[in-house]
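All values below were derived from every heavy atom in this structure, side-chain atoms included, with hydrogens, water molecules and symmetry-related copies excluded.
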Amino acid sequence: MRDLVFIRTHAFGENERSLYKTLRLFFPEEAVVVCADESKAQVDTGGIAKISLTRDIASRLAGGDLPEDWGWRMGDLFYARVREVHPDVGRYWLIEPDVHIPPGHVAAILGDLAEIEADYLACDFRNHGHRPFNRALRRIQDVTTYGGVFAFTRASAAAV
């Protein structure tokens, strides 16, 4: 499969259901799943395909202890978990339930983004220079941080 889209959430309500319906206007059913932070409670997606991410799984993926708010801070673990479950995908799209794609523009927006061949896409993606939270990485090598709005991103399998 070329693309897999996952809704990153810790609950499943009207926003998630609405986003799922919107994404299904462009992507086939098998290409849209929910990746749920189930560290506090199981998430009922009403039959929509779900990938569970618990604290134990996240800790294993991260290789150690996690901060208390890992589910919010460490969104890359959701990418890692989805790739672990679906390793044969070319690109992974992470979309959070507060992202709104205007009706009537779904095919145009997602279609334009799907044509871009880049390892990573994000809104407002830019060089952020040396950020304090990368201090540990800078001990290993000089790291310049790039970032963007994480709520609507896409990463190639290689980038994940």
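- Looking at every heavy atom in both residues, Leu66 comes nearest to Ser59 through CD1-N, 3.5 Å.
- Heavy atoms of other residues, nucleotides or ligands lying less than 6.0 angstrom from NE2 of His86 number more than 12.
- We find the CD-CG distance between Glu84 and Leu77 to be 11.0 Å, quoted to the nearest 0.5 Å.
- Ala151 and Val99 get closest at one heavy-atom pair: O-CG2, 3.4 Å.
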* Asked: How far apart are the C-alpha atoms of Met74 and Asp76, what are their side-chain angles, what is the distance that settles it, and do they pass the side chain to side chain contact (heavy atoms under 4.5 Å, CB included) test?
  -> CA-CA 5 Å; Met74 302 175 78; Asp76 55 334; 3.8 Å; yes

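- For Thr22 (side chain) and Ser18 (main-chain N/O), a donor-acceptor pair under 3.5 Å exists by modelled atom type.
- Open room surrounds CD on Glu29; 12 or fewer heavy atoms of other groups in view lie less than 6.0 Å from it.
- Listed here is the closest heavy atom pair of Ile109 and Ile101: CD1-CG2, 4.0 Å.
- Using a 4.0 Å cut-off between charged nitrogen and carboxylate oxygen, Glu38 and Arg55 do not count as a salt-bridge pair.
- Checked by atom type and distance alone, the side chain of Arg81 never pairs as donor or acceptor with a backbone atom of Ala58 at under 3.5 Å.
- Here Glu16 does not pair with Lys21 in a salt bridge; the nearest charged N to carboxylate O distance is not below 4.0 Å.
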* Step by step, work out the side chain to side chain donor-acceptor pair (under 3.5 Å) result for Tyr92 and Thr153. => CA-CA 8 Å; Tyr92 301 88; Thr153 56; over 6 Å; no

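- For the pair Val82 and Val160, the minimum side-chain heavy-atom distance is 4.5 Å or more.
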* Asked: Yes or no on side chain to side chain contact (heavy atoms under 4.5 Å, CB included) for Val106 and Phe27, after CA distance, side-chain angles and deciding distance?
  -> CA-CA 10 Å; Val106 174; Phe27 294 102; over 6 Å; no

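- Annotation: Phe6 is in aromatic contact with Tyr79 [ring centroid separation under 6.0 Å].
- The 12-atom threshold is not exceeded at CG of Asp65, counting heavy atoms of other residues, nucleotides or ligands nearer than 6.0 Å.
- Expressed to the nearest 0.5 Å, how far CZ of Arg83 lies from OG of Ser156 amounts to 8.5 Å.
- Between Arg2 and Glu117 there is a salt bridge, since a side-chain N of the basic residue sits under 4.0 Å from a carboxylate O of the acidic one.
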* To do: Apply side chain to side chain contact (heavy atoms under 4.5 Å, CB included) to the pair Leu61 and Ile57, showing each step before the final yes or no.
  => CA-CA 6 Å; Leu61 291 170; Ile57 294 169; 4.0 Å; yes

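- Atom CZ of residue Phe12 and atom CZ of residue Arg17 lie 5.0 Å apart, to the nearest 0.5 angstrom.
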* So Val5 and Val33, side chain to side chain contact (heavy atoms under 4.5 Å, CB included) or not? Walk me through it. -> CA-CA 6 Å; Val5 184; Val33 301; over 6 Å; no

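- Here CG of Asp3 is found 10.0 Å from CG of Leu110. Values are rounded to the nearest 0.5 Å.
- Looking at every heavy atom in both residues, Lys50 comes nearest to Thr45 through CD-CG2, 3.9 Å.
- Of all heavy-atom pairs spanning Gly75 and Leu94, the tightest one is O-CD1, 4.2 Å.
- Rounded to the nearest 0.5 angstrom, Glu96 CD and Asn15 CG are separated by 12.0 Å.
- Here the CZ atom belonging to Phe78 is positioned 4.5 Å from the CG atom belonging to Asp37, to the nearest 0.5 angstrom.
- Shown here for Thr9 and Pro97, the closest heavy-atom pair between the two residues is OG1-CG, 4.0 Å.
- Contact check for Leu113 versus Phe26: no side-chain heavy atoms found under the 4.5 Å cut-off.
- The 12-atom threshold is not exceeded at CD of Gln42, counting heavy atoms of other residues, nucleotides or ligands nearer than 6.0 Å.
- Under the side-chain contact (heavy atoms from CB on, under 4.5 Å) test applied with Leu4, the options Val89, Asp88, Val32 reduce to a single match, Val89.
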